[in-house]
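Data block below; observations after.
All heavy atoms count here, side chains included; hydrogens, waters and symmetry mates do not. The chain is numbered in sequence order, starting from 1.
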Amino acid sequence: TRGKPLLNRATQELYRPGSTFKTATATAGLIEGLVDRHSSVNCTGVYTYWASHIFHCAGVHHYTDAVKALQYSCNIYFYDLGRRLGQDIICGYAGRLGLGEPTGFELGESSASHLASSGYYAEQGLEWNEGNVVNIAIGQDETYVTPLQMAVQAMTIANRGVRYKVHMIDEITDFTGDTVLSKTEPTVADNSLAGHDEAFSIVTEGMVAAAGRVGSYPLTGLGFDVAIKTGTPQRTANSYNSAVIGFAPADNPQIAFAAIIEEGESASFLVRQILDAYQETTGISFTG
């Protein structure tokens, strides 16, 4: 997207979500009952279910449950969970969380966002392999979404399964500014995941634990908890983006956010600045 200074990347550009997508896979596994708070996978650093191809993790996390998997972004946990869930269930939950779905944003958005699946591969004339599902589970492969959709995903997790339409216009007044002619009311886009509070509590717990790993511009000791998930989605064979989604305060969310740094690092370092700017401009203090 270099050389496109007028492109609204938040709504018009498409990116792989990378490991931020793992929150969707975790949500699917927990609600479907394939895993619970105590279920674990032994991460040895490699995944060899399909012997013809070895999938790797960035570390060796040993026995890992959902919270720890989100905290340390353990690929092995999500490879195995993704294999068990299958592409249809993963994509179904990701869509209900807002990924690949129209947001309702008044100023328009890309209509080309999509989730990787065997159906999409067939449409594009690509060869689908059974092992592609593990890459889907960690937000790689041919999944491309907008940063705004990633923020909606975070918002839906914060709302424990209730997704709202996105809007920029709060109200319209007459020329004096004294008479409100119309006001935008919250509109539910999807609430099919509502009622699964335990699943969203576990996902949120993992995201809060992930926030505890941020070094510079720390997200601890603020007087409130922040819930985040980071990602390093592959851009080309030799380059990566840096991504983060999240919401705060974790126990009483007021703001959801997403950020992408193209071919950069440490998107999580932006979170503290986003939270500070929000509180300063709105006058809302997260600490009362």
Just so I know, are the side chains of [X] and [Y] near enough to count as touching, which here means a heavy-atom distance under 4.5 Å?
{"X": "His38", "Y": "Asp65", "value": "no"}
{"X": "Leu270", "Y": "Val244", "value": "no"}
{"X": "Arg96", "Y": "Thr27", "value": "no"}
{"X": "Thr48", "Y": "Ile54", "value": "yes"}
{"X": "Leu30", "Y": "Val203", "value": "yes"}
{"X": "Val214", "Y": "Ile228", "value": "yes"}
{"X": "Asn129", "Y": "Tyr121", "value": "no"}
{"X": "Phe247", "Y": "Thr204", "value": "yes"}

Judged by atom type as modelled, is there a donor-acceptor pair below 3.5 Å linking the side chain of [X] to the main-chain atoms of [Y]?
{"X": "Gln149", "Y": "Gly100", "result": "yes"}
{"X": "Glu263", "Y": "Ser239", "result": "no"}
{"X": "Ser113", "Y": "Val145", "result": "no"}
{"X": "Arg84", "Y": "Leu34", "result": "yes"}
{"X": "Lys22", "Y": "Ser73", "result": "yes"}
{"X": "Thr143", "Y": "Ala116", "result": "yes"}
{"X": "Glu106", "Y": "Ile169", "result": "yes"}
{"X": "Ser242", "Y": "Gly264", "result": "no"}
{"X": "Asn75", "Y": "His56", "result": "yes"}

When rounded to the nearest 0.5 angstrom, what is the spacing between [atom1] in [X] and [atom2] in [Y]?
{"X": "Met150", "Y": "Met155", "atom1": "CE", "atom2": "CE", "value": "14.0 Å"}
{"X": "Phe105", "Y": "His167", "atom1": "CZ", "atom2": "NE2", "value": "11.0 Å"}
{"X": "Met168", "Y": "Leu107", "atom1": "CE", "atom2": "CG", "value": "5.0 Å"}
{"X": "Ile136", "Y": "Leu85", "atom1": "CD1", "atom2": "CG", "value": "11.0 Å"}
{"X": "Tyr15", "Y": "Arg235", "atom1": "OH", "atom2": "CZ", "value": "7.0 Å"}
{"X": "Asn42", "Y": "Tyr77", "atom1": "CG", "atom2": "OH", "value": "13.5 Å"}

**Message:** Would Lys183 and Asp170 count as a side chain to side chain contact (heavy atoms under 4.5 Å, CB included) here? Give the steps.
**Reply:** CA-CA 6 Å; Lys183 184 172 180 62; Asp170 180 41; 3.1 Å; yes

**Request:** Determine, step by step, whether Arg272 and Leu222 satisfy the side chain to side chain contact (heavy atoms under 4.5 Å, CB included) criterion, reporting the C-alpha distance in whole Å, the side-chain angles of both residues, the deciding distance to 0.1 Å, and the verdict.
**Result:** CA-CA 10 Å; Arg272 179 73 174 270; Leu222 303 179; 3.3 Å; yes

**Prompt:** Can a salt bridge be assigned to the pair Asp80 and Arg83 using a cut-off of 4.0 Å between side-chain N and carboxylate O?
**Reply:** yes

**Message:** Tell me whether the rings of Tyr47 and Trp50 are parallel (<30°), tilted (30 to 60°) or perpendicular (>60°).
**Reply:** perpendicular

**Asked** In terms of ring plane angle, is the pair Phe286 and Phe224 parallel, tilted or perpendicular, where the classes change at 30° and 60°?
**Response** perpendicular

**Message:** Would Ser201 and Arg160 count as a side chain to side chain donor-acceptor pair (under 3.5 Å) here? Give the steps.
**Reply:** CA-CA 8 Å; Ser201 291; Arg160 305 209 169 200; 2.7 Å; yes

**Item:** Residues, nucleotides or ligands: over 12 heavy atoms within 6.0 Å of Glu127 CD
**Value:** no

**Message:** A quick test of your reading: do over 12 heavy atoms of other residues, nucleotides or ligands sit less than 6.0 Å from NZ of Lys165?
**Reply:** no

**Fill in**
Residue pairs passing the salt bridge (Lys or Arg N to Asp or Glu O under 4.0 Å) test with at least one member in residues 141-150, sequence neighbours excluded, are Arg16-Glu142

**Prompt:** Quick one: salt bridge (Lys or Arg N to Asp or Glu O under 4.0 Å) pairs with a partner in residues 194-219, sequence neighbours left out?
**Reply:** Arg37-Glu198, Arg37-Glu205

With clusters defined by side-chain heavy atoms of hydrophobic residues (ILVMFWY) lying less than 4.5 Å apart, directly or transitively, does [Y] cluster with [X]?
{"X": "Ile260", "Y": "Ile138", "result": "yes"}
{"X": "Phe200", "Y": "Ile89", "result": "yes"}
{"X": "Ile284", "Y": "Phe257", "result": "yes"}
{"X": "Ile245", "Y": "Tyr72", "result": "no"}
{"X": "Phe78", "Y": "Val60", "result": "no"}

Shortest non-hydrogen contact between [X] and [Y], atoms and distance:
{"X": "Ile261", "Y": "Ala267", "answer": "CD1-CA, 3.7 Å"}
{"X": "Val133", "Y": "Gly86", "answer": "CG2-C, 3.9 Å"}
{"X": "Ala137", "Y": "Thr25", "answer": "O-OG1, 2.8 Å"}
{"X": "Ala248", "Y": "Leu275", "answer": "CB-CD2, 3.8 Å"}
{"X": "Phe55", "Y": "Ile76", "answer": "O-CD1, 4.2 Å"}
{"X": "Ser268", "Y": "Thr230", "answer": "CB-CG2, 3.8 Å"}

**Prompt:** Can Glu109 and Thr146 be said to form a side chain to side chain donor-acceptor pair (under 3.5 Å), step by step?
**Reply:** CA-CA 8 Å; Glu109 59 191 324; Thr146 66; 5.0 Å; no

**Asked** Is there a side chain to side chain donor-acceptor pair (under 3.5 Å) between Tyr120 and His114 once you walk through the steps?
**Response** CA-CA 8 Å; Tyr120 177 78; His114 56 269; 3.2 Å; yes

**Residues Asp225, Asp251; criterion side chain to side chain contact (heavy atoms under 4.5 Å, CB included); working and verdict** = CA-CA 7 Å; Asp225 286 333; Asp251 61 350; over 6 Å; no

**Asked** Yes or no on side chain to side chain donor-acceptor pair (under 3.5 Å) for Gln254 and Tyr278, after CA distance, side-chain angles and deciding distance?
**Response** CA-CA 10 Å; Gln254 302 295 312; Tyr278 178 83; 5.2 Å; no

